[in-house]
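The structure under discussion appears below in the form of structure tokens.
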Amino acid sequence: MENYSFPPRRSLPAGEPRARVNTTRSIRLAHLILLPLLLLVSLSTSAQDLTASVDRNELAINETFTLTLRYSGSQSGGQPDFNLLEQDFEVLSRQQSNQYRVINGRAESFVEWTLILAPLKEGKLFVPSLHLHGQISDAIPITVNKAGQTPSGDNRKAFLEVELDKDKLYVQEQLLVKVRLYTTVGLHDIATDPLQIPGAHIEKVDEQRFERRIKGVGHAVYELTYAVFPESSGELQIPALNYVAVTGRRDPFSLFNRNAQRIRLRSEAKTVQVEPKPDSYSGSHWLPAASLGLVQSWSKDPEEFKVGEPITRIITLRAEGLRAAQLPPLPKLNIDGLKTYPDQPQQEDQPGSNGITGSRIETTAIVATKPGSYQLPAVTITWWDTKTGRQRATQLPAFRFNVSGIPISESAPPGKENPSSPPQPSAAKVEPGFWQKLAIVAIASHILWILYFFRVGKNRSAPRLSKNTRVAANHLVSKDLRNLVKDANPREIQAGLVEWLNIRWPTLRTISLEAAAQRLEISELSQIVGILNDAIYKAPSKPINRKQLQILVERVVKNEDPVEGRSNELPDLFSGRTT
């Protein structure tokens, strides 16, 4: 405030009026009083041009509040910079309206913005001051508490719940995280944050919808279940999850659902302790599982083992609460007199409400090279039982079987004995005479002419099978081919494949299987031919994997009906096939 000094009182000359001095003092005093008042009135008038208000100043982290911003100044157009809000709040919705009204004969107009805000963190926050046309709104303090700590926590129309199936677990053990959305009002357009945890493998394994009553009130529940596998020990943080949804009934005939409201729900963060592998564990692979089993099966009766005939052994390792990638390979067989041909292992994860059940399937073809009694060693898997908290072992017992037949050499193909060479009879060489040579030439010439006319006549008048005949023949041969793959030897399967090709594509009768597969451009057929060639001609021969062969044959004969009028052409039905 300014300081004012007044001159000292002096005596008035004779005859001068005293009222003039009093008037001057009154004017100065009026200026001193009115100047601050005018400044206050001016500031008050300009501050009212842009105002901000909220519907509540205290709420929970998983709740929302409404911010109303009103501008009543004379300038038009533009809007405040709402990006300033995004530092501490998420803007869920924003609406703008222009209003004009008359109250007690006085007209006023203003622009109003209504925003639904959700806090991003707990504690003491501020709605920042916003700017428009040189005007500034007041900052508003907001108190954000933990979820459910406000008086309205029990009366919320929608909320989230996170449940863990255990509060402590071992490294690489499965943790089930269930996230439930409860609501008593209609929700649609639900958007969720994916669960992401650094240092852990996460898979969504289940999704359910059901109803649950809480304090006598029915709630619709939307539940997601995640399987979490921590990769290191220590504290595992389950972060808070955000769900955004729209309340109210969706009106397909309205462009604007004015009664709908966009809400954001936020779950509570969780912490779980992850322990390292126990020092007492003695297994070669760390396998924390709820259960673990081993199952063995054979392609045919083990009592019928014969020398040179392959038989397939299938072992399935299945663990509840482990992924297939965590399961170890089974020990290899190394037994004198047995040749083994392992196939690529198959891995499969089966999700469910109890998490993941992983499976590893190992298939091995076994061929005995000499008769006798054999024993396959026991297979033992050591694992950690997460239900009882102790080490356990699952064992596949040793398997003994007998092999009959005659020993085969290393160079002979399986299933074929080495026949002794028949004695070569000796014959005296007889030189033909002139007439004998002439007769031979005449007979050969005659045979060549017969063959020539037979081929020309066949090409001109070869009868075409009707469509029904070709379809019936194709069905019969396809069925025979499927049956041959189950138990026939490789040569019989090869012969059946040739017969099927001759019926299906008669123009390929004169070329080899390899050429036919290449010309037809059927990858499965090429694989079948390769498997059969390895089993028939390779030394030592490779036993066939009948399971794989059955799958390939089934794919090849899948399309059995020949196309009408194209039985003598190369088909293109496999050019866009799916396997």
Side-chain angles (χ1 to χ4, degrees), residues 284-285 292-319 327-348 359-383 392-419 482-494 531-532 534-553:
S284 57
H285 295 85
L292 187 143
L294 281 169
V295 179
Q296 175 180 254
S297 61
W298 297 87
S299 60
K300 62 181 180 180
D301 189 357
E303 298 296 331
E304 300 177 357
F305 279 24
K306 294 181 180 180
V307 172
E309 293 186 359
I311 187 170
T312 303
R313 183 196 197 195
I314 304 172
I315 300 180
T316 301
L317 172 61
R318 183 177 288 108
L327 301 179
L330 302 179
K332 303 298 182 181
L333 293 176
N334 187 13
I335 301 175
D336 184 34
L338 296 180
K339 288 187 176 294
T340 58
Y341 302 88
D343 202 355
Q344 287 292 334
Q346 301 177 16
Q347 296 181 345
E348 180 183 3
S359 300
R360 181 185 178 93
I361 304 174
E362 293 198 5
T363 303
T364 305
I366 302 175
V367 179
T369 59
K370 57 184 178 180
S373 179
Y374 296 91
Q375 177 172 307
L376 303 182
V379 179
T380 304
I381 302 295
T382 303
W383 56 287
R392 296 184 60 184
T394 298
Q395 186 179 78
L396 188 66
F399 182 77
R400 181 176 294 276
F401 60 93
N402 296 319
V403 177
S404 61
I406 302 174
I408 59 176
S409 64
E410 294 294 330
S411 60
K416 295 180 69 65
E417 300 179 3
N418 287 332
R482 292 189 180 98
N483 293 331
L484 287 174
V485 173
K486 294 180 180 179
D487 52 11
N489 60 51
R491 288 190 178 276
E492 293 174 342
I493 298 175
Q494 185 186 59
I531 294 174
L532 295 177
D534 289 345
I536 297 173
Y537 307 111
K538 196 172 183 180
S541 61
K542 184 177 180 180
I544 59 176
N545 186 335
R546 294 189 181 273
K547 183 177 180 181
Q548 178 186 8
L549 199 60
Q550 288 176 357
I551 295 175
L552 294 173
V553 169

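In this chain, numbering begins with 1 at the start of the sequence shown. Just so it is clear, the values below take in all heavy atoms, side chains as well, and ignore hydrogens, waters and symmetry mates.
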Under 4.5 Å between any side-chain heavy atoms of [X] and [Y], yes or no?
X      : Y      : value
Ile335 : Leu376 : yes
Ser373 : Arg400 : yes
Ile531 : Asn545 : no
Gln375 : Phe399 : no
Lys300 : Ile311 : yes
Pro407 : Pro371 : yes
Leu549 : Ile493 : yes
Leu317 : Pro328 : yes

From [atom1] ([X]) to [atom2] ([Y]), nearest 0.5 Å:
X      : Y      : atom1 : atom2 : answer
Gln347 : Ile361 : CD    : CD1   : 10.0 Å
Gln395 : Thr382 : CD    : OG1   : 10.0 Å
Ile315 : Ser297 : CD1   : OG    : 9.0 Å
Gln548 : Asp343 : CD    : CG    : 5.5 Å
Thr394 : Leu294 : OG1   : CG    : 6.5 Å

query = Taking NZ, NE, NH1 and NH2 as the nitrogens, is one of them in Lys370 or Asp336 under 4.0 Å from a carboxylate oxygen of the other?
reply = yes

message = Tell me whether the count of non-hydrogen atoms from other residues, nucleotides or ligands lying under 6.0 Å of CD in Gln344 goes above 12.
response =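 Not more than 12 within 6.0 Å, no.
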
task = Count the heavy atoms belonging to other residues, nucleotides or ligands that lie under 6.0 Å from NZ of Lys486, then report whether that count exceeds 12.
result = no

key: Any donor-acceptor N/O pair, Glu362 side chain to Leu330 backbone, under 3.5 Å   = yes

task = Examine distances only and state if a side-chain atom of Thr369 and a backbone atom of Gly337 form a donor-acceptor pair shorter than 3.5 Å.
result = yes

task = Indicate the ring-plane relationship of Phe305 and Trp298, choosing parallel, tilted or perpendicular according to the 30° and 60° boundaries.
result =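 Rings of Phe305 and Trp298: perpendicular, over 60°.
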
task = Mind running side-chain contact (heavy atoms from CB on, under 4.5 Å) on Thr340 and Arg313 for me, showing each step along the way?
result = CA-CA 10 Å; Thr340 58; Arg313 183 196 197 195; over 6 Å; no

Verify whether one side chain among [X] and [Y] offers a donor that lies under 3.5 Å from an acceptor in the other.
X      : Y      : value
Glu348 : Ser359 : no
Thr312 : Arg546 : no
Arg360 : Gln346 : no

query = Between Ile536 and Arg491, is a side-chain contact (heavy atoms from CB on, under 4.5 Å) present by the stated rule, with each step listed?
reply = CA-CA 7 Å; Ile536 297 173; Arg491 288 190 178 276; 3.3 Å; yes

Ile406 vs Val307, side-chain contact (heavy atoms from CB on, under 4.5 Å): CA-CA, chis, key distance, verdict = CA-CA 7 Å; Ile406 302 174; Val307 172; over 6 Å; no

task = Decide yes or no on side-chain contact (heavy atoms from CB on, under 4.5 Å) for Ile544 and Asp534, but give the supporting numbers first.
result = CA-CA 8 Å; Ile544 59 176; Asp534 289 345; over 6 Å; no

inquiry  = Among Val367, Ile366, Leu333, exactly one meets side chain to side chain contact (heavy atoms under 4.5 Å, CB included) together with Leu338. Which residue is that?
reply    =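 Single side chain to side chain contact (heavy atoms under 4.5 Å, CB included) partner of Leu338 among Val367, Ile366, Leu333: Ile366.
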
